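Data block below; observations after.
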Amino acid sequence: MSARVSVAVALLIATGALAWLALSNMGENLVYYWTPEELLAAGASAEGADVRLGGMVKKDSIDWDKEAQTLDFLVFDGVAEVPVHSTGLPPQMFRENIGVVIEGKLGSNGVFRSSRMLVKHDNSYTAPEGGAHPGGKKMDVEAMYKSMNGS
Amino acid sequence: MRPLLSLLAGLFVGAAVLLGPGAALGSQHLSPSELLRDGNMDGKPDRDGQSAMLVGPTMRAALLSDLDRIQEEVEKAQAAGDEGRVADLTQSYERSQAMLPRLINQREDGSVCFPVTESSSQARSVLVCSKSISSDAVMSLDDGRVARIQGVLNGQVFTGESLHAPVRALAGRFLVLLALALAAFGMVLGFLAGRRLDPTLERWTRWASLAFSWTLVAANLLMVEALLARDFSVAYVDQVGSHEVPTWLAIVSLWSSLEGSILFWGLIFALFTLVFTHTTAKRPEHRPFAAYTLGATLAVGMFFAFLIAGPADPFGPSAWPHGVKALHTGPNPLLQNHLLMIVHPPALYLGYVGMVIPFAMGIAAMLRGQLGAGWMRPIRLWMLVPWGALTVGIVLGGWWAYEVLGWGGYWAWDPVENASLLPWLTASAFLHSAMIMERRGTLKTWTMVLLLSTFALTILGTFMTRSGVFNSVHAFAKGSVGPTFLVFLAIVLVVSVLLLGFRSHLLEADGDLGSLLSRDAAFIGNNLLFVAVTLTVLIGTTFPLIKEALTGEQISVGEPYFNAMVVPMSIGIVFLMGVGPALPWGRASVPEAVSRLRGPLAIAAGVTLAAVLMGARDFLPALTIFVSAFASWVAVRDMWEPISAIHRRQGGSLGAAVARAFRRGRRRYAGQIVHLGVALMAVAIAISSVYQLQTEAVVNRGQTMQIGDYELRFEGVRHTQEPHRQIVAAEMSVKHLGNPIGRLAPAMIRYPSQTVGTPAVHSRFDEDLYLSAMQIDDEGQFVGMRAYVNPMVYWVWIAAGVMTIGCIIALWPAGRRRQDTESA
């Protein structure tokens, strides 16, 4: 085998190894986006999986215990809502009717335990009207996720 | 020369003709004196003798909604019977209300009046009254003129303006279309001239290139002028302009949003083209390639001029003042927060845009059919300029993220960050592989592929950040900016591949590579690692896009992927950075290699042991310190050896030996200085990432929290009102090891459109104290504070400075004419 061919083969093997490493590493680190509606629809199979849950903080649902540093609230997408529990300080700008993305796991008690929370900074977001009825507006959570990617 | 001058003269006369009447018809600024002349007189001072402070309508709306919110809270507290809270809230209400200026009084005849103050030096106050004032503050004066009131601040000059005739918009579009025409003209000329080597054609190509550049410069100056004049009849000014922002921010808004940033891209492009055109004119040895290079450059220029003229047109007419719902709040508040906004985008653009010149030179060489060493050197030099600028730009971006975004770090593997890193990686690989090409006559195809890829990645990067594709894969296709970029990228790739194929005979090796134990092998290893890092970052960045385009599923690739892949490979690169200069070119025997390597390895082991004893006990930081110490020692030794050899041989002072060695081997010294910077940066990144301390707490007023050697006490809240924003800062007094070192005030800054948090950073050489306020109680009773101690962050910036110095040394013109007798 000439030198050129062996170099080419070596490069090919190296590239293959790199690609396999990259894709397997990536597979472990992929994070999927869900809305509350989708999360509830997935039922028990969603429990324990690392997901990003996105929606709006529901009005009058915030319960922040300053001393214990725990935060409980409902995340809402206009159709369904999921209770969220997080420890530590709420992120900057956290308040009612703000878009929020929560990374964490759904517990077996139905409460989503947050490990990381991101808040959408803009005020231009309108709150979804409530209820799973035809008049209620479903929040465009996908658009919110993507618009937060840059922040 | 004369035709060029007459062309320029014609341009400027034309611009003057277009703009002159515009200046006359355009902005009419009504000062209070003029208003007085109009008869709207009521010179009574403000009721309580205070000077009236007029805020912009948008700021006012924000303050009013604040009052509403407090009102709601009061009602809740009253219902709950919480007297203490009611009292606190009432106090807060009154304080906010005092900040709200008495804006509008209504008179009996139905007209509304508001006080206006001229610049504080004149201290003149008038009351402006009018019968009609609409919700977006366009008012009709009594004499029938329509004026737009944008408010004033703290005694600064009030500006009311009549509608601008859309002269600037027309002039701008004319200039851009002219640039497009000149680029097309010059491109054709360039390719013809390159083929025929006709001096007349070459001359005309240069003139077309200069004219194109000056036209784009003029377009940019016009836009800056429009931003300063707040001419909202120009679409881009309508988008990002504002009366309320300071002057420096008005200028910087040029690159704050899509259309303006592409126009600014055009400015940098024009500047590079200007410099290149002038320098090649003076170099007869470049003659065979110069015309083709200009042709290729102008082809790219045509693409950008087309973008500015069409899909991303900043000069379009705006609908102002009708149909504009949002008021003029200026650029995105995240971009208003920090002075780094002034330097980071220009530096990044100098890096990005500059890649077009070496790319065009490579295309020219292939078209011409000659790829001699004589042309490779200028290509390398012209690649060094954008490489250096890109280094600065990327690091400034990290610094900006660190100082502004408040999450405590400087790099998040964000798609936009990755887009700027990719061309840097391939450019670094190119700079090394080009050296092999020069010295050994091999790896020509590889080098050329790197060169072309660097530019392709630049276009890809611009596409990724400017087309909105990361907001939504499907939305990007709705605008026309994204598809235009993709088409151009496709053209670039196709042309590159075709040229590489047709000219493959040019790229055949006429030398061969050394053995595994040689500098050549180290360079090749370095190149492979650089490309591997590029591919992994590219895959990680584009995979979500591809997945969403194909399956509609939305995913993101987490940071751990990037860190797990890139960190080991980067450590490998740093290690090879040490091996390369230590080994000779060609072939080294095993004993030779051992003797060259063992010294640095031993020293590195010693340094690492010391570091471990001092506390760096984790594997990756210790390994990073090892390879960095190794590479640094090799660099220092490599710089020292020529000096000592000259000193020994020729005697004289050490200083003279240093000067001589430096002059003879400038490229080597520059390169080793850059390597020292890289080694330093590797260590700084490792330490600052792994040994970061983080804590958060809710601190009541007068109480303290601890982190590391620091004690932080919450003193209270400070409210500051500025023209375009309101600042709520949490004052923390800081003690280090018991000694007071002053105050830090992380804040929340309230802009009309949104609120942003601003961290407070106290930088020292050994570590940074970084505070981010998560929750600030308006009444100042408590603050939710997140604190970080980031060790060695300052060294990241210093290391970038070292790399830049090395780059500048390599480019410094003095003595470049002399042939380097040694090469790195």
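Only this structure's heavy atoms are used, side chains among them; waters, hydrogens and symmetry mates stay out. The model shown is predicted, which means the values in this text are computed figures rather than measured ones. Here is the naming used below: chain letters follow the sequence lines, and residue numbers restart at 1 for every chain.
L89(A) and E696(B) make their closest contact through N-OE2, 2.6 Å (heavy atoms, listed as atom of the first residue, atom of the second, distance).
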For residues 107-115 of chain A, please give each side-chain donor-acceptor pair under 3.5 Å, one per line with the distance, not counting sequence neighbours.
unit_1: N109(A); atom_1: OD1; unit_2: V111(A); atom_2: N; d: 3.1
unit_1: S115(A); atom_1: OG; unit_2: E103(A); atom_2: O; d: 3.0

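Only the side chain of F782(B) comes within less than 4.5 Å of a heavy atom in chain A; its backbone stays farther off. For L528(B), the part lying near chain A is the side chain, with the backbone staying farther off; criterion is any non-hydrogen pair under 4.5 Å. M785(B) touches chain A through its backbone: at least one of N, CA, C or O sits under 4.5 Å from a heavy atom, while the side chain does not.
Interatomic distance, OG1 of T15(A) versus CG of L535(B), reported as 8.0 Å (0.5 Å rounding). For the atom pair CG of L18(A) and CG of L529(B), the computed distance is 10.0 Å after rounding to the nearest 0.5 Å. From Q775(B), atom CD reaches atom CG of L71(A) across 8.5 Å, with rounding to the nearest 0.5 Å.
Of all the listed residues (A401(B), G406(B), A697(B), A412(B)), the one sharing the greatest number of non-hydrogen pairs under 4.5 Å with chain A is A697(B).
Contact annotation: the side chain of K66(A) approaches that of N700(B) to within less than 4.5 Å [non-hydrogen atoms, C-beta and beyond].
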